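The block underneath contains the structure these notes are about, expressed in structure tokens.
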Amino acid sequence: MFCGCYIYMNVTDIDKLPVTVGGVEAFLSGDMVSGIGPVYARRLVETYGPEVVSRLADNPASVTDIPGLGHSKLEKASESILALKHPLSLLLFLYSTGIPGLYIERILDRYRKRTAEIVTTDPYGMIEDVWRLSFPIADKIGRLLGIADNDPRRLRGALLTAVKNYAEDGHLFATPEQAVAEAVRLSKASPDEIRALIPSLTADGRLVESHGGLYLPVFYEAERNGARRLMDLSAAEVSPVDIDEVPSHDIEGHLYTTAQRRAIATAMSHPVMVLTGGPGSGKTTVLKGILDILQSRGMKAILAAPTGRAAKRMSTLTGVEAQTIHRLLGYRQGEGYRNKTIDTDVLIIDEGSMMEQVLFDHLLEAVRPGTRIIVVGDVDQLPAIGAGDVLRNLIDSRTVPVVRLDENFRQIGGSAIAASARAINSGNVPSPAGARDFMIVNEQGPAAIHSRLMSLVADELPARHGIRPSDIQVVTPQQLGPLGARQLNKDLQARLNPEGPEIRRLTTVMRLGDPVMQTANSRERGVYNGEIGRICEVVPDLGQLTVEFSDGRRSTYTGIELSELTLAYATTVHKLQGSEVRYMVMPVTMAHRPMLYRNLLYTGVSRARDLCVLVGEPDALRYAVDNAPQHTRNSNFTHRLRRHASRKHPA
């Protein structure tokens, strides 16, 4: 059963799956086996050979030659191996491929009892089913199974991954030329070999070819159906409201500007409307004015946003409860969206720039005919992390009324943060001389920036502003690198919270008092992607911790559930979008050059409320301000909106 090197073969018998020494070590040190860890896993295999897994399962008392590995740990390891729900030979094979344990967990969770069949028959087919499982991961399995370079299964997997890669970069489709080039890069096959597979993949529905693009079916359906559904809603008859019918002031006595009254009148006069503008431009004031009129007319409104943090901020600003779109649609992991009908007169969607195409289509599918839709957002911020550019496409289509608010009330009130964000968006480097709430700290090189950032968070800003280090949110353009979120989280944890009860999850230590972020939607917990809490209890012996979130709710995590959490001393601009923090520090360095875009810097700065500090290289700041994104996402949503609109309102 075991071998010390890779064996290439076609496998039909699960007990003959090839296994490597490294795979055995990885299995023993992974989350499936309790009490071992990487150091003892290596010593066990060095001492007893690969067969040590069977020895641990059948007779743990016979393992006696590993100092420090006592009877209790060995018994825990034995119990966990005997309790496995999948064949041991399959698990050892998967670990022997060298793919990360997280993907192994996802594969097992997706296919359950069919895992062995799927893995050994066509591992490249998993690319379509398993979240973020791409060609290089599937190819590790295929290689160990002995699948040939030019095997059609392998080449189809490369082409599907190519289209999937474009979707993960935000595109709804890849052109055939883009898809073929990417598949060639992945597989090293010839363009002709890859191109020849397109007809078969479109014939069996695994890809859809439409309007010059190759789509994964889910994105094609979302784009096509979303355009039709939205234009059907926009064709409804609505009694117009003249601007003179809009009150001159809100219920608290604050005067509306003419632009705000016009925006309120437009929202009340059309079945679908877009409200856009930068931070501090008065979007919330308009929303509250709309809600006041709706309430006075006895009309029901539902407020929703793409993320939990954005929904919470919407609730705080408007005084009306908002919820995530996932919660509104009754999303449950593994079950999808369960609420098929949304019963309301008006649906208001905030942070529209974050709206993914598939989520938008699910939302429109649940909206009953006659419902009014108001989409609110800042089109100059970063587009959605997922595929699509709904807000921009909707504005560009000119199929529904769009109101853009240009005045900046925060800047009028003396906020240097708002003034700086506006300067960045206009292509100018901010000049915050003398400002109390916005600072630029010049440092050269990642090492100096890192050192100063640590000092700012731990010492300088707390002393100068009377705030706690734990109140400061570090925001960075990317995950990787010495100034990426992952490394900064480790370094800030070591500086601010170096000891205490802790749990280790893969390479991450989570300690009592650490801030953590939820990275997946969990309806059962009532916690959604992007929400931040603090670890308030740790039980190391049980591998269990409890997080208290900002609204006082507590939730307990153990085992694989810990993968839903990540440290949150530092986070990316993308993760912070749609929310607001009081105090922010953001590194700006040419080491992040691939991510240094004007809209990323603008989005980051505009998330700070009371203090924003940029620390880094002046050249990098200048580069980011000048680097306005030129590329657009591959999408036919604008075209489809116009086509359906012309059918509803022929010339």
Side-chain angles (χ1 to χ4, degrees), residues 1-120 123 140-141 144-146 503-506 540-544 558-562:
M1 176 179 175
F2 297 97
C3 63
C5 58
Y6 290 109
I7 296 177
Y8 297 94
M9 57 189 296
N10 289 317
V11 177
T12 56
D13 186 344
I14 188 174
D15 291 328
K16 296 181 180 178
L17 285 167
V19 173
T20 69
V21 168
V24 175
E25 285 186 17
F27 169 74
L28 288 173
S29 62
D31 289 342
M32 293 186 181
V33 181
S34 302
I36 301 297
V39 173
Y40 288 124
R42 174 162 295 183
R43 292 177 182 173
L44 282 167
V45 175
E46 288 175 348
T47 303
Y48 294 100
E51 293 79 7
V52 70
V53 179
S54 299
R55 183 189 287 255
L56 282 171
D58 298 335
N59 186 14
S62 67
V63 179
T64 59
D65 299 330
I66 310 296
L69 193 58
H71 175 74
S72 176
K73 289 184 177 180
L74 292 171
E75 283 292 335
K76 283 185 179 179
S78 178
E79 290 171 3
S80 57
I81 293 172
L82 292 173
L84 292 170
K85 297 179 181 179
H86 297 274
L88 183 58
S89 55
L90 172 65
L91 297 175
L92 292 174
F93 165 75
L94 288 172
Y95 275 97
S96 294
T97 64
I99 67 176
L102 180 61
Y103 287 101
I104 294 175
E105 291 173 356
R106 288 176 182 170
I107 291 168
L108 296 171
D109 185 60
R110 174 63 178 82
Y111 297 113
R112 301 183 184 275
K113 292 182 179 180
R114 297 182 60 232
T115 301
E117 173 194 350
I118 297 296
V119 166
T120 58
K140 288 179 180 289
I141 300 174
L144 194 53
L145 288 171
I503 291 175
R504 182 177 295 274
R505 164 71 181 174
L506 301 177
D541 290 345
L542 299 179
Q544 176 180 297
T558 188
I560 192 174
E561 296 170 347
L562 294 170

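We count residues from 1, following the sequence as given. Keep in mind it's a predicted model, so treat the numbers as computed, not measured.
Inter-residue side-chain proximity for D31 and I560 is flagged as unmet; no heavy-atom pair is nearer than 4.5 Å. Residues I36 and S29 form no side-chain contact, since every pair of their non-hydrogen atoms from C-beta on lies 4.5 Å or further apart. Using a 4.5 Å cut-off on side-chain heavy atoms (C-beta onward), I141 and F93 make contact. Contact of the L56 side chain with the L28 side chain is registered, since non-hydrogen atoms from C-beta on lie closer than 4.5 Å. Between L108 and L94 the shortest side-chain heavy-atom distance falls below 4.5 Å. The side-chain heavy atoms of S96 and L144, taken from C-beta on, include a pair separated by under 4.5 Å.
Nearest heavy-atom pair across F27 and L88 is CZ-CD1, 3.7 Å. Among all heavy-atom pairs drawn from A61 and T64, the shortest one is O-CG2, 3.2 Å. What you find for S78 and A57 is that their closest heavy atoms are OG-O, 3.4 Å.
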- Message: Under the criterion side-chain contact (heavy atoms from CB on, under 4.5 Å), I'd like the reasoning laid out for T47 against V52: C-alpha separation, chi angles, the key distance, then a yes or no.
- Response: CA-CA 9 Å; T47 303; V52 70; over 6 Å; no

- Item | Residue pair T120, L17: steps toward the side-chain contact (heavy atoms from CB on, under 4.5 Å) verdict | CA-CA 9 Å; T120 58; L17 285 167; 3.8 Å; yes

- Item | CA sep, side-chain torsions, deciding dist, call: L44, L69, side-chain contact (heavy atoms from CB on, under 4.5 Å) | CA-CA 10 Å; L44 282 167; L69 193 58; 3.9 Å; yes

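Of the possible donor and acceptor atoms, one in the side chain of E561 sits under 3.5 Å from a partner among the backbone N and O of T558. Although no hydrogens or angles enter the test, the distance criterion places a donor-acceptor pair under 3.5 Å between the side chain of S80 and the main chain of S34.
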Donor-acceptor contacts, no H, no angles, side chain residues 98-106, under 3.5 Å, sequence neighbours left out:
| residue | atom | partner | partner atom | Å |
| --- | --- | --- | --- | --- |
| Y103 | OH | R132 | O | 3.3 |
| E105 | OE1 | R505 | NH2 | 3.4 |
| R106 | NH1 | W131 | O | 3.2 |

Acceptor/donor pairs from residues 111-118 side chains to any protein atom, 3.5 angstrom cut, sequence neighbours excluded:
| residue | atom | partner | partner atom | Å |
| --- | --- | --- | --- | --- |
| Y111 | OH | D129 | OD2 | 2.8 |
| R112 | NH2 | D109 | OD1 | 3.4 |
| T115 | OG1 | R112 | N | 3.4 |
| T115 | OG1 | R112 | O | 2.7 |

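Note that CG of L91 and OG of S89 are 8.0 Å apart. Values are rounded to the nearest 0.5 Å. With values rounded to the nearest 0.5 angstrom, I81 atom CD1 is found 11.5 Å from M32 atom CE. Distance check, rounded to the nearest 0.5 Å: CD1 of I66 to CD of E46 gives 8.5 Å. Here the straight-line distance linking atom OG1 of T20 with atom CD of E25 works out to 8.5 Å at 0.5 Å rounding. The OG1 atom of T97 sits 11.5 Å away from atom CG of L92, with the distance rounded to the nearest 0.5 Å.
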